[in-house]
Structures are given as C-alpha cells and as structure tokens.
Chemist: 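The structure follows.
In what follows, residues are counted from 1 in the order of the sequence shown.
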Amino acid sequence: MTEPRKTAPAAQGTPQAPKERDRPWLMRTYAGHSTAEASNELYRRNLAKGQTGLSIAFDLPTQTGYDPDHILARGEVGRVGVPVSHVGDMRRLLQDIPLEQMNTSMTINATAMWLLALYQVVAEEQGLDKEAITKLQGTTQNDIVKEYLSRGTHVFPPVPSLRLTTDMIAYTVSHIPKWNPINICSYHLQEAGATPVQEIAYAMSTAIAVLDAVRDSGQVPQERMGDVVARISFFVNAGVRFIEEMCKMRAFGRIWDKITRERYGIENPKHRRFRYGVQVNSLGLTEAQPENNVQRIVLEMLAVTLSKDARARAVQLPAWNEALGLPRPWDQQWSLRMQQVLAYESDLLEYEDIFEGSHVIEAKVAKLVEDSLAEIDHIQELGGAMAAVESGYLKSQLVSSHAERRARIESGQEKIVGVNIFETTEPNPLTADLDTAIHTADPTVEERVVRALGEWRAARDEARAGTALERLKETAAGTGSLMDATLECARAGVTTGEWSGALREVFGEFRAPTGVSSAPLAVAGQEGTALAEVRRRVDVTARDLGVGKLRFLVGKPGLDGHSNGAEQIAVRARDAGFEVVYQGIRLTPEEIVDAALAEDVHAVGLSILSGSHAQLVPDVLERLRVAGATDIPVIAGGIIPNGDAEQLRAAGVAAVFTPKDFDITGIIGRIVDEIRTANKLDPLEVPA
C-alpha cells in the first residue's frame, strides 16, 4: 500500500507573497521659528525629506493674542515658534505650499479661531473656491482647558473661551467638514504631572464640556452631531512606560465609544472612532546624558504604534536635545527618520493587533477604564470640566501628582538613567560644543518683525480694519457666531493683538488658579531627612535676620506659561518653611520687582523655559538695582544654555538651575545659602 505523498515544505529562502501593509501614520515635525519666511523654508525642506503633514509651532505672542510690539512680547518674538501677526504673515508662511494637498496641524488654542480664519483667507488667495475650501484638511488644537491647567496660553475666561470653541466647531462642520476644529489634549496634562487615569479623565471631561456646549448652542441640529463627534480628535502623550501607555490608548478608545454612544446617541461606529495624534513625552527627556533621550523617544513611539487597534493617526517626536535648548533642523530630521525606519523597514504594519487576547493587557485596560470613569463621574458632580477649572480642583490635583513624581525621583524610587542611577559617563561628542548643539535664535529677529508690523499697519485700509473690529466687538457682546466677524477681520488686515484686544474688552481676561497653596506635602520632612535640614536652615536664617519667616517670590516673567517647574519650587519652598509669593504666569519684570518690594522678600526666583531669559532676567536685576534692593538675590531656572548661564551670572544672578538639577530640596537649600551670602551672614554648617 502506497503512503500518501506529503507536500514538501517550501525551501528555505523561497520568496513569500508580500503581506498587505497598513498605511503609515501621518509623520509630522513640530516646527516654526524666527519669521514666516524662515519657517516657510523649513517646512518646504521638511516636506522634501518625507514629512507627510505640517505641524506649525506659533510663538508665544501669537498664542496669547499679543502683537510683537507689546511689552509682554519682549524677548519672546520668534522664540518657540513663528510670529503670525496678520494675513500677510500667514501668506508668507504658506507660500508655495499647496493647501488643498496639505494636512496642516496648528498648535494654537486661545487664538485658534483667528489663525483658522487667516489660514482660510490664504487658501482663498491661493485660488481655492468654496467647494475647494470644504476639502481643506488639518487640525486646530483649540483645547483651552489644558491651557488653564498646564501650558498657560489662555486669554479669556472659561465661558467665552468655550463660546469661541463652539462657534468654530459649528462653522467647520458646515464649511470645512474635513477639518478637525479641536484637538483635545491630554499631552500637556501628563507634562504637568497627570497619572494615566487623570490624563484620560480630564481629557474626556473636556470633551464632554465641549460636546455639551455644541449640542446646547442650537447651531448644529441633533442629526448632525455625529459629524461633530467624527471631527473631534485627541492629542495625547506617550511616556517611556510603553506597556502602560499602550493600555491607556486602548482605554481611551473604549471610554470614548461609551460616552459618544450613551451620552450623545451616536449610532455610527465610524463616527465614534477614537482618533488621536501623538507627541511623545518631552517631560522625561534629560539634560544629563542627553544621548539616552534617543532610546526614550523610540520606546515612547512604540507605545502608540505597536497596537493596530490603538494606533495613532499622526505622530510627531521631540528631538534628543530639547532639554538643552531649541533643536536644529538636523535634530528634527533625526526624529523624523526614527518614524520612517519603524514604518518602512520593520514589519510592524503587516500584522493585525498583536495584543489581542492578552489577559495581562486586558486586565490593565479594564482597570484604567474603571478608575477613569469614576474620576469622570466625580468631575461631573463638581459641575463639569469648566467648573473644576474655576474651583482649582483640576490644577491642585495635577500639582500634587507632579510633586509626588518629583519626590519619587529624588528618593531614587523612580529611576532615571544618567540622572539618579548610572551617572558616570564617557565624554559626549554630541555635546562637546554645547553652543553648536542647539539652535540659537537670531537676536535681531524681534526688531525686524516689529518694524515689519508697523509697515503693515501703515499700508492697510485703516477704516476697513476699524469697522471690522467694531463688528467683532458688537458680535461678542451679543450671542451670534464670532466666525464671520473674525474672517472679515482677517481680510481687513487686522492684527493678532487687535483681534484679541477687541475680545479682551468684551470678555475680560482670566488668571487661572496656580494649585500651589492647596497642594499637599509630597516629601517626608521628619528628623534626619534632607527637607528637615533645609527647614532648620530656613528657621535659623529667619532668626538671624530678625524676621518671622523668610519670604521667597517665584516669578514667571514674559509669556512662558509652562509653570510646572515654578510650581514645584514654590511648593517645596513652602514645605521648607518659606512664606512663598507666587502670582502665577505672564508678568512683566516691572510687576515682579514691584511685588518683590511690596512683599519685602528675601529672594526672587525666575522661571523661564521659552528662551527669553537673556532679556528679561537682566531687566529684573536692573530694576532691583535702581530700587536699591541689591541685597535680594535673584535665582534663574529653566532651559538655559551654558553660555547664557555664564552671562546671567556675570550680570549678577546668584545661581542658575537647569533640568539637570532635579534635587528640588537641594535647590531650596542653595537659595537659603544665597540669602545668607547677600545679607553677609556666616555660612551655616551642614551636619555630617
């Protein structure tokens, strides 16, 4: 009996039919600097390198609604992004970039409506008719809640801010239906200290507030709410704990599906799809051994790409040297190449979801969903996201979470390679010349931009601009949509500061809660601890000076709203026994010095991450000198390159701290030493 013939196995190395690959995610590089012309050149160069979407970074005056010639804009023009003051700037920014073919992300929030209007007007100037305008694709970030909590580029109070968002969403659904009018951001919440549960819950609570406002405004009929939900996108953070981060993204998707189906009655599963883009975590990037940031960035990218069912729609990566200063074009190219290697060289895009059926992943996701829904319910009981912003609840929770994280790092419980473990290192060729390892802003840019702004105002039709602004104010004082009036302002040559100024007149401004006073103690202060020793030195120095308490002013000059570091210094100084004066963000040097004199403080700490330290810190020093207060030491902290730090010390700054200085208790101790030196007191002995 003959045995059935067995099929021979394929010879090793026999070519297999290629698997069908998923389409890669959009690859972006967050970029913009100096001027519209310089940024346009950078964008076209990046697109030629294979970048598949634009991601526009605006400078802080543009983000906060000031023109470059405003007092608060000094030192900030063109620093962390591109200045766009009017339609002429937007025209130059996008020159020779066909907008009908582009997917453009604009990181803009309080002034999002204004920048979208400028973008549309430039698209019209490129020859796009109404039909073509409906096909524009892109995203305006437009999440004001996280600005109150973390980034600090808010302008108006919560209620009118939500109105701007609502009007813009209603407009885009009807006129630019492929545009994402809001990008609800949990990214910045994690940067401010949020746990995964807080990140999910606070972002979802923001989404609920926005969707409720759109539904209740009457501008969008119920049958079109599915179209609204379908254009809501999210912008998330991915840290180095990439398994937890991937589970977080799966939990996000499940909760979004549940909320949109149950709360808003959205039946179409395509409308309920959780759509998100990512900037991976910059908070964990270190100044010490910055070469380690490369593998951190890659691990963080894996968190949002490995799982097909929870894969990001767009990814942008920071550069390895962002803790040192502004990245150069080469550094940004390196980050883009990381994405391209993963997408085109690996087999990642050839498989279905590789985590499907994992009981470990499922248990983690279920726990995140349960805890996040509980926190969302709690926020709703407080009156929703806007009420929780105004009460200070959300901010205080973030400050507390961040303080706990910093305490874990300082104690060594949370290990960071090169910072609190494995600190010995070989000389680093990447940073052998620190002055060339980062991009340096041209100090003449601000003067040129301000001069060009004056020329723009002189050449425009002033009567038309004035009429457009009056119409904007009248609309703001009523209940009509602000989008049409904003478009007319754009066409009439109105400037960013004028548009925002008109709305400030009607809506007022908002100073968000700092969360410092209500943050609990995060570091143990019992006898024998470092904090207890610093408390002793604070008490002794206060007695030596004949005062009840040492007083320390923490100041945020200029428009830099990243207040996380300042808040952590303020909380730890409070816990060490200082009376802390902290008035939040967006202060002029004059206001800081006036407060220092009025409060009779013993030291001033200035926190700046935007690069404006070279102008603003010396201004504070000079004002203190003129006031005869040279016995008040000034301490500077932030992303300050070595050369700049030397110049600040030469100008009279007592000490400079940068991201490598992670021991906050040690920083507070150093501040006590500087107070003693400034007041000619003998140094205190530190117990052995």
Chemist: Taking atom CD1 of I56 and atom CG of L115, what is their separation to the nearest 0.5 Å?
Modeler: 8.0 Å

Chemist: If I take atom OG1 from residue T206 and atom CG from residue L211, how far apart are they, to the nearest 0.5 angstrom?
Modeler: 11.0 Å

Chemist: Testing the 3.5 Å rule here: is there a donor-acceptor pair between the side chains of Q190 and E245?
Modeler: yes

Chemist: Go through it in stages, so that I can follow the logic: the residues are S401 and Q198, the test is side chain to side chain contact (heavy atoms under 4.5 Å, CB included), and I'd like the CA-CA distance, side-chain angles, deciding distance and then a yes or no.
Modeler: CA-CA 9 Å; S401 296; Q198 289 173 329; 2.9 Å; yes

Chemist: Could you grab the distance from atom CD of Q316 to atom CD of Q279, nearest 0.5 Å is fine?
Modeler: 4.5 Å

Chemist: With a 3.5 Å cut-off and no angle check, do the side chains of T172 and R231 form a donor-acceptor pair?
Modeler: no

Chemist: Would you say the side-chain atoms of E322 pair up with the backbone N or O of A319, donor to acceptor, closer than 3.5 Å?
Modeler: yes

Chemist: Enumerate donor-acceptor pairs with a distance under 3.5 Å from any side-chain N or O in residues 378-390 to protein atoms, sequence neighbours excluded.
Modeler:
none

Chemist: Walk me through it: do L373 and K258 pass the test side chain to side chain contact (heavy atoms under 4.5 Å, CB included)?
Modeler: CA-CA 10 Å; L373 287 173; K258 175 182 174 68; 4.1 Å; yes

Chemist: With a 4.5 Å heavy-atom cut-off, do S174 and R224 have their side chains touching?
Modeler: yes

Chemist: Under a 3.5 Å cutoff, is there a donor and acceptor pairing between the side chains of Y351 and D22?
Modeler: no

Chemist: With ring pair (Phe, Tyr, Trp, His ring centres under 6.0 Å) as the test, pick out the partner of F234 among Y276, Y187, F274.
Modeler: F274

Chemist: Please check if atom NZ in K49 has more than 12 non-hydrogen atoms from other residues, nucleotides or ligands closer than 6.0 Å.
Modeler: yes

Chemist: Please enumerate all residues that pass salt bridge (Lys or Arg N to Asp or Glu O under 4.0 Å) together with E199, with sequence neighbours excluded.
Modeler: K248

Chemist: Would you say R241 has more than 12 foreign heavy atoms packed within less than 6.0 Å of its CZ?
Modeler: no

Chemist: Got a sec, which residues hit salt bridge (Lys or Arg N to Asp or Glu O under 4.0 Å) with D89, two or more places apart in sequence or on another chain?
Modeler: R92

Chemist: Please list, chain by chain and in numerical order, all residues satisfying ring-ring contact (aromatic ring centres under 6.0 Å, His included) with F510, sequence neighbours excluded.
Modeler: Y148

Chemist: Run the numbers on R215 and D212 for salt bridge (Lys or Arg N to Asp or Glu O under 4.0 Å), then give the verdict.
Modeler: CA-CA 5 Å; R215 178 194 62 196; D212 281 0; 3.3 Å; yes

Chemist: For the CG atom of L149 and the OG atom of S396, what is their distance to the nearest 0.5 Å?
Modeler: 10.0 Å

Chemist: Treating R163 as the side-chain partner and A476 as the backbone partner, does any N or O pair qualify as donor plus acceptor under 3.5 Å?
Modeler: yes

Chemist: When rounded to the nearest 0.5 angstrom, what is the spacing between CZ in R408 and CD1 in I416?
Modeler: 10.0 Å

Chemist: Using 30° and 60° as the class boundaries, would you call the ring planes of F507 and F156 parallel, tilted or perpendicular?
Modeler: perpendicular

Chemist: Would you say the side-chain atoms of W114 and S500 include a donor-acceptor pair closer than 3.5 Å?
Modeler: no

Chemist: Rounded to the nearest 0.5 Å, what's the gap from CG on L42 to CG on L47? Could you check?
Modeler: 9.5 Å

Chemist: Would you please test Q120 and I133 for side chain to side chain contact (heavy atoms under 4.5 Å, CB included) and show each step?
Modeler: CA-CA 7 Å; Q120 177 180 324; I133 292 292; 4.2 Å; yes

Chemist: Please answer whether the main-chain N or O of I585 pairs with a side-chain N or O of R511 as donor and acceptor at a distance below 3.5 Å.
Modeler: yes

Chemist: Residues in salt bridge (Lys or Arg N to Asp or Glu O under 4.0 Å) with R491, at least two apart?
Modeler: E124

Chemist: Look at the side chain of N40 and the backbone N and O of L93, then say whether any donor-acceptor pair between them is shorter than 3.5 Å.
Modeler: yes

Chemist: Got a donor-acceptor contact below 3.5 angstrom from the S307 side chain to the D353 backbone?
Modeler: no

Chemist: R405 side chain to T195 main-chain N or O, any donor-acceptor pair under 3.5 Å?
Modeler: no

Chemist: Which residue pairs pass the side-chain hydrogen bond (donor to acceptor under 3.5 Å, both in side chains) test with at least one member in residues 100-112, sequence neighbours excluded?
Modeler: R28-N103, T104-Y119, N109-Q141, N109-K146, N109-E147

